Protein chains: 2
Amino acid sequence: MSTPGRGLHGHVLDTLGPAITAGEYPPGSVLRTDELAQHFEVSRSVMREAVRVLESMHLVESRRRVGVTVRPRAEWNVYDPQVIRWRLAGADRPHQLRSLTVLRSAVEPVAAGLAAQHATAEQCAELTECALGMVANSRGHKLEKYLVHDIAFHRVVLTASGNEMFARLGDVVAEVLAGRTHHEVMFEDPDPAAVTLHVQVAEAVRAGDAPRAQELTRQITVGALQELDILAP
Amino acid sequence: MSTPGRGLHGHVLDTLGPAITAGEYPPGSVLRTDELAQHFEVSRSVMREAVRVLESMHLVESRRRVGVTVRPRAEWNVYDPQVIRWRLAGADRPHQLRSLTVLRSAVEPVAAGLAAQHATAEQCAELTECALGMVANSRGHKLEKYLVHDIAFHRVVLTASGNEMFARLGDVVAEVLAGRTHHEVMFEDPDPAAVTLHVQVAEAVRAGDAPRAQELTRQITVGALQELDILAP
DNA sequence: TGTGACGTATAAGTCTGACTTTTTGTCGCT
DNA sequence: AGCGACAAAAAGTCAGACTTATACGTCACA
């Protein structure tokens, strides 16, 4: 995904990042640059660059005479796409998936409402195209093709909202949707009601009906929450 | 704020980061590590570490034989607290403030609803304490003291939601509230209606009334949107 | 026994210079 | 015009020496 292992320090990060986010080194653990450099068989300069990156993600803190200490989870930059990927690939994947789905339930309805106000004609066309693609692949175990259109749909909505903060959540939503299809219970064809909702959202956005787009999207996210048993009924 | 200039590479970032996020180097601009190192009067190793950090924020991309190129805004990690601070300190502060306020309007109501379900007794107490502090400083141009309690209030709500993604937005909200008080139109005492809403939110959370907490918080964020003339009435 | 000043060991931080690798642009040949 | 080889440019990597901050232990003194 994205840009894996571009350079030695990238390879180090691909190993150290997942290890830290997986809790392999508990908070407060102390690492030493020199030892890490030896362990990964890279020079200290490369190791230092890797540590700097981890530091910018607030995963670790580097202090003189002490070493590189792992910070508590509460301080991590959990919105960093890299951190999200590492965590989704690790042990607390379920927990991370829940957190992100709740975030979706907050953001996507509002984004859809804004999209109804700001979407360009091109974006509206793209949206209906995605919705049609979902319908076309909603039966007959064509989950992979369905997923592609589902991801594209939500990405367009978030982008069309015109808010850059929302737009940047496109990748996150993509990860969540992909995770749901690939690792969670998703053997059967998708819920027909959900498919219909997506079509209706596309319609509402095209019609410029913000409240309706918001409410319909809210129902979609409620479905996502229920799938993970998050919603207290 | 937070950890300024810890080390030489930190000082470089404090200058380069704001410059890039301010659009001083337009997307596609090419920088060269050696030149930058000379310009900042640091060694190449230090400069390289700084570039690595900028790269992890997706502000720049480093490629062999070409140099360090500035990426388009759409690819920046806009949720990185450091990036947010840089942008808030720079030219597109108003734009950033709007984006973040819209994000708040999506997240905070949902967070308040969850807080009503999950807040501990201690958090409820803290919340009412903050609300009382806001009331106590709502008249007589005690804006600074009011701000402190306002920030604390929203931080507690986000934390009490039990969702780590929401919790990590505490700093962002703090920046937005501080920015509103310090740089925007906020000469007079705060809107009494807003103060009342905060008190009522504290009550609703304590009572475990999620829908009410959510609706009241929605009204607070609507007020914030109106202050920035975002809401189309 | 407690407390403060002092010294020392430690690990990060910094700098320098040489070397390697990848990529791009160009030049010349067909 | 197209293609391949060559050369230059910039990042990437490494090794070693030196600097600096600071946690911790020690020792003297109260």
Side-chain angles (χ1 to χ4, degrees), chain A residues 2-17 19-20 24-72 75-76 82, chain B residues 2-17 19-20 24-72 75-76 82:
Chain A
S2 71
T3 30
R6 67 276 180 235
L8 278 188
H9 98 283
H11 174 254
V12 171
L13 284 175
D14 288 341
T15 309
L16 247 191
I20 294 175
E24 213 161 301
Y25 303 94
S29 303
V30 176
L31 313 172
R32 265 148 310 174
T33 308
D34 289 13
E35 284 187 9
L36 291 174
Q38 277 190 14
H39 178 262
F40 288 105
E41 299 179 321
V42 296
S43 67
R44 288 195 313 132
S45 5
V46 169
M47 196 60 226
R48 284 180 55 76
E49 288 169 24
V51 168
R52 282 278 177 266
V53 172
L54 294 175
E55 203 176 21
S56 88
M57 296 169 174
H58 275 65
L59 293 183
V60 302
E61 188 184 3
S62 181
R63 277 168 56 198
R64 274 185 149 121
R65 162 69 206 215
V66 170
V68 179
T69 66
V70 178
R71 307 183 92 149
E75 296 176 10
W76 296 351
Q82 186 90 108
Chain B
S2 71
T3 30
R6 64 277 180 239
L8 278 188
H9 97 284
H11 173 254
V12 172
L13 284 175
D14 288 342
T15 309
L16 247 192
I20 294 176
E24 212 162 303
Y25 304 94
S29 303
V30 176
L31 313 172
R32 263 148 310 169
T33 310
D34 288 14
E35 285 187 8
L36 290 175
Q38 278 190 13
H39 178 262
F40 287 106
E41 298 180 323
V42 296
S43 67
R44 292 197 312 284
S45 12
V46 168
M47 196 60 227
R48 284 180 55 75
E49 287 170 24
V51 169
R52 282 278 178 266
V53 173
L54 294 175
E55 202 177 20
S56 89
M57 295 167 173
H58 275 66
L59 293 184
V60 302
E61 186 183 5
S62 182
R63 277 169 54 198
R64 275 182 148 120
R65 161 66 202 204
V66 56
V68 179
T69 65
V70 179
R71 307 184 108 170
E75 296 176 9
W76 295 351
Q82 186 87 209

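Within every chain, numbering begins at 1; the chains are lettered A, B, ... in the order of the sequence lines, protein sequences first and strands thereafter. Source: prediction; values computed, not measured.
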A.B. asks: Using side-chain contact (heavy atoms from CB on, under 4.5 Å) as the criterion, point out the one residue from B:Val60, B:Leu31, B:Val30 that pairs with B:Tyr25.
C.D. replies: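 When side-chain contact (heavy atoms from CB on, under 4.5 Å) is applied between B:Tyr25 and each of B:Val60, B:Leu31, B:Val30, only B:Leu31 qualifies.
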
A.B. asks: Return the value, rounded to whole Å, for the distance between atom NE2 of B:His11 and atom C1' of C:dT14.
C.D. replies: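 Interatomic distance, NE2 of B:His11 to C1' of C:dT14: 16 Å.
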
A.B. asks: Can you name the residues that form a side chain to side chain donor-acceptor pair (under 3.5 Å) with A:Arg48, not counting sequence neighbours?
C.D. replies: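 Here the qualifying residues are B:Glu49.
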
A.B. asks: C:dT21 C1' sits how many Å from A:Arg6 CZ, rounded?
C.D. replies: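 Interatomic distance, CZ of A:Arg6 to C1' of C:dT21: 17 Å.
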
A.B. asks: Test of understanding: with side chain to side chain donor-acceptor pair (under 3.5 Å), list the residues that count as partners of B:Ser45, not counting sequence neighbours.
C.D. replies: B:Ser43

A.B. asks: Listed by chain and number, what are the salt bridge (charged side-chain N to carboxylate O under 4.0 Å, His left out) partners of B:Arg32, not counting sequence neighbours?
C.D. replies: B:Glu35

A.B. asks: Identify the residue among B:His11, B:His9, B:Glu41 that makes a side-chain contact (heavy atoms from CB on, under 4.5 Å) with B:Val46.
C.D. replies: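 The single option meeting the side-chain contact (heavy atoms from CB on, under 4.5 Å) with B:Val46 is B:His9.
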
A.B. asks: Could you state the atom-to-atom distance from CE of B:Met47 to C1' of C:dG13 in whole Å?
C.D. replies: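 Taking atom C1' of C:dG13 as the reference, CE of B:Met47 is at 16 Å.
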
A.B. asks: Between protein and nucleotides 4-12 of chain C, map the contacts as a letter string: B base, S sugar-phosphate only, - none, heavy atoms under 4.0 Å, written 5' to 3'.
C.D. replies: -----BBSB

A.B. asks: Extract, from 5' to 3' on DNA chain D, the first and final nucleotides lying under 4.0 angstrom from some heavy atom of chain B.
C.D. replies: D:dA8 to D:dT13

A.B. asks: Side chain to side chain contact (heavy atoms under 4.5 Å, CB included) between B:Asp34 and B:Gln38: does it pass, once the steps are laid out?
C.D. replies: CA-CA 6 Å; B:Asp34 288 14; B:Gln38 278 190 13; 5.9 Å; no

A.B. asks: For A:Pro72, give me all partners under side-chain contact (heavy atoms from CB on, under 4.5 Å), at least two apart in sequence or on another chain.
C.D. replies: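 side-chain contact (heavy atoms from CB on, under 4.5 Å) check on A:Pro72 returns A:Pro27, A:Glu75.
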
A.B. asks: I need the minimum non-hydrogen distance between A:Val51 and A:Ser62, along with the two atoms involved.
C.D. replies: CG1-CB, 4.5 Å

